[in-house]
Amino acid sequence: MGILSRFADIISANINALLDKAENPEKMIDEYLRRAMEDLAEVKQETAAVMAEENRCQRLWEENRKDVEKYTDLAKKALLAGNEGDARVFLQKKQELEQAGVSLEKTYQAARQNAEKMRQMHDKLTEDINTLKARRQNVKATMAVARTQEKVNRAQEAFDGAGGAIQGFARMEEKAQAMLDQANAMAELNQRPADPAAALEEKYSSGGSAAVEDELAKLKAEMGL
């Protein structure tokens, strides 16, 4: 039946490989679990049907055995009553039932084995689904941590970017201050004479300054100063 082949696929499936290929592990594992639950419901119906067939075959076989015992007892009673003819009829019926019983027993044993296989598959699928439910919680918890880590990573990137901007700003401040200091130094240098000795030489070598001093002394004498 198709359900058994699908069930075998579920049992042998590698959930980790499925998650590796999934774009969204949470949605994929929910879908996987949903499909498993649907298959479990179908397996349960099939198992119930096979178990019912097992019970029917067992009942027919047991009824046959009771009938064999009944006709054996009737044959004994007929012999005790001195009726061998009746005993033969009962024994013939008993033999017919025994022959039918061989087939009924084989049918029952086959039905019993099928029912046992179905019960085992049902129990295994139920166990696997319970395991998947626990693993689903682990996947969801892992995904929650992963999302938190992604937020931390993005915040770290923003923090690192802001730190770089702050460091760059500080470098520009230092550079601007250095440029200002250099400009002030240049201005100070521009205000100083290029050659101090040359300036003094001009002061002391100028003839105009001595004539002014002589005239000033003459004027002071005339005024009686």
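We number each residue from 1, following the sequence as shown. Atoms considered below: every heavy atom in the structure, side chains included; atoms not considered: hydrogens, waters and symmetry mates.
More than 12 heavy atoms of other shown residues, nucleotides or ligands fall within 6.0 angstrom of atom CD in Glu96. Heavy-atom contacts from other residues, nucleotides or ligands closer than 6.0 Å to CD of Glu62 number more than 12.
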Full working for salt bridge (Lys or Arg N to Asp or Glu O under 4.0 Å) between Arg171 and Glu174:
CA-CA 5 Å; Arg171 287 196 302 271; Glu174 292 176 0; over 6 Å; no

With side chain to side chain contact (heavy atoms under 4.5 Å, CB included) as the test, would you mind laying out the steps for Met51 and Thr47 before giving the verdict?
CA-CA 6 Å; Met51 290 175 63; Thr47 302; 3.8 Å; yes

For Glu38 and Arg34, what are the C-alpha separation, side-chain angles and deciding distance, and is it a side chain to side chain contact (heavy atoms under 4.5 Å, CB included)?
CA-CA 6 Å; Glu38 290 178 352; Arg34 184 191 66 78; 2.3 Å; yes

Please assess Lys124 against Asp128 for the test side chain to side chain contact (heavy atoms under 4.5 Å, CB included), listing each intermediate value before the final yes or no.
CA-CA 6 Å; Lys124 183 64 169 63; Asp128 287 348; 2.9 Å; yes

Could you go through the side chain to side chain contact (heavy atoms under 4.5 Å, CB included) check for Lys44 and His122 one step at a time?
CA-CA 6 Å; Lys44 185 173 293 186; His122 171 271; 3.3 Å; yes

Let's go through Arg88 and Glu84 carefully: what are the C-alpha distance in whole Å and the side-chain angles of both, what is the deciding distance for salt bridge (Lys or Arg N to Asp or Glu O under 4.0 Å) to 0.1 Å, and is it a yes or a no?
CA-CA 6 Å; Arg88 288 189 181 92; Glu84 292 187 3; 3.7 Å; yes

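Taking Ile, Leu, Val, Met, Phe, Trp and Tyr as hydrophobic and joining them when side-chain heavy atoms fall under 4.5 Å apart, one finds Tyr108 in a cluster with Leu60, Trp61, Leu104. Its side chain within the 4.5 Å cluster rule, Leu74 clusters with Val68, Tyr71, Phe90, Leu97 among the Ile, Leu, Val, Met, Phe, Trp and Tyr residues.
Side-chain contact check for Arg112 versus Glu116: every heavy-atom pair is 4.5 Å or farther apart. A 4.5 Å side-chain heavy-atom check between Ile129 and Met37 finds at least one atom pair inside the cut-off.
Considering Lys106, Glu105, Gln99, Glu98 in turn, Lys106 is the only one that fulfils the side chain to side chain contact (heavy atoms under 4.5 Å, CB included) rule with Val102.
Rounded to the nearest 0.5 Å, atoms NZ (Lys93) and NZ (Lys70) are 8.5 Å apart. Of the inter-residue distances, the one linking Glu69 atom CD with Asn64 atom CG reads 10.0 Å to the nearest 0.5 angstrom. Distance check, rounded to the nearest 0.5 Å: CG of Leu125 to CD of Glu42 gives 11.0 Å. Here the straight-line distance linking atom OG1 of Thr126 with atom CE of Met121 works out to 12.0 Å at 0.5 Å rounding. Once rounded to the nearest 0.5 Å, the distance linking CG of Asp73 with NZ of Lys94 reads 10.0 Å.
A donor and an acceptor atom, one from each side chain of Gln109 and Gln113, are nowhere located under 3.5 Å apart.
Leu79 and Val89 are not part of a single hydrophobic cluster, where members link through side-chain heavy atoms under 4.5 Å apart.
Closest approach of Ala111 and Val50 over heavy atoms only: O-CG1, 4.4 Å. In terms of heavy atoms, Ala75 sits closest to Ala87 at O-CB, 3.7 Å.
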